[in-house]
Amino acid sequence: MRMKCTKSLVYAGKRYQVGDEFEVTSKQDAKILAAIRKAVRAPDVVPAWQPVAEEARKKRTYTRRDLVAEEPRVVLPVPVVEVSEPVKE
């Protein structure tokens with residue numbers, strides 16, 4: 001997390017002056033520095049949005065309509081069962 005000094009301070013063995021930005025090692029350190037008013041959270045720098053070129057976009061290589069069921073390759077024989085006596089109910 002980036003912090004910006006509001007008063008001069010020593011953090012992690014380095015001396016920072018008013019206006020210097022530095023990276024804190026933990027969220028707890030950031031809370032403490034903000035509570036004692038030695039530093040404030042620096043604004044996050046977000047890069048500007050840039051449109052993606054048409055050729056850079058990936059086109060789908062297939063659609064669901066392209067999928068076709070195939071006939072089974074192996075046909076198993078159906079077992080024939082012979083009944084010697086008729087079944088009585």
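Just so you know, residue 1 is the first one in the sequence shown, and it goes up from there.
At distances below 3.5 Å, at least one donor-acceptor pair connects side-chain atoms of Glu23 with backbone N or O atoms of Met1.
A search for side-chain hydrogen bond (donor to acceptor under 3.5 Å, both in side chains) contacts involving Tyr11 returns Thr25, Asp29, not counting sequence neighbours.
When all heavy atoms of Lys4 and Gly19 are compared, the pair lying nearest together is CE-O, 3.7 Å. The minimum heavy-atom distance linking Ala39 with Thr6 is given by the pair N-OG1, 3.5 Å.
Around the CZ atom of Arg41, the shell of radius 6.0 Å holds no more than 12 heavy atoms that belong to other residues, nucleotides or ligands.
Between Ser8 atom OG and Arg15 atom CZ the span is 6.5 Å, to the nearest 0.5 Å. Interatomic distance, Met3 CE to Asp20 CG, rounded to the nearest 0.5 Å: 13.5 Å.
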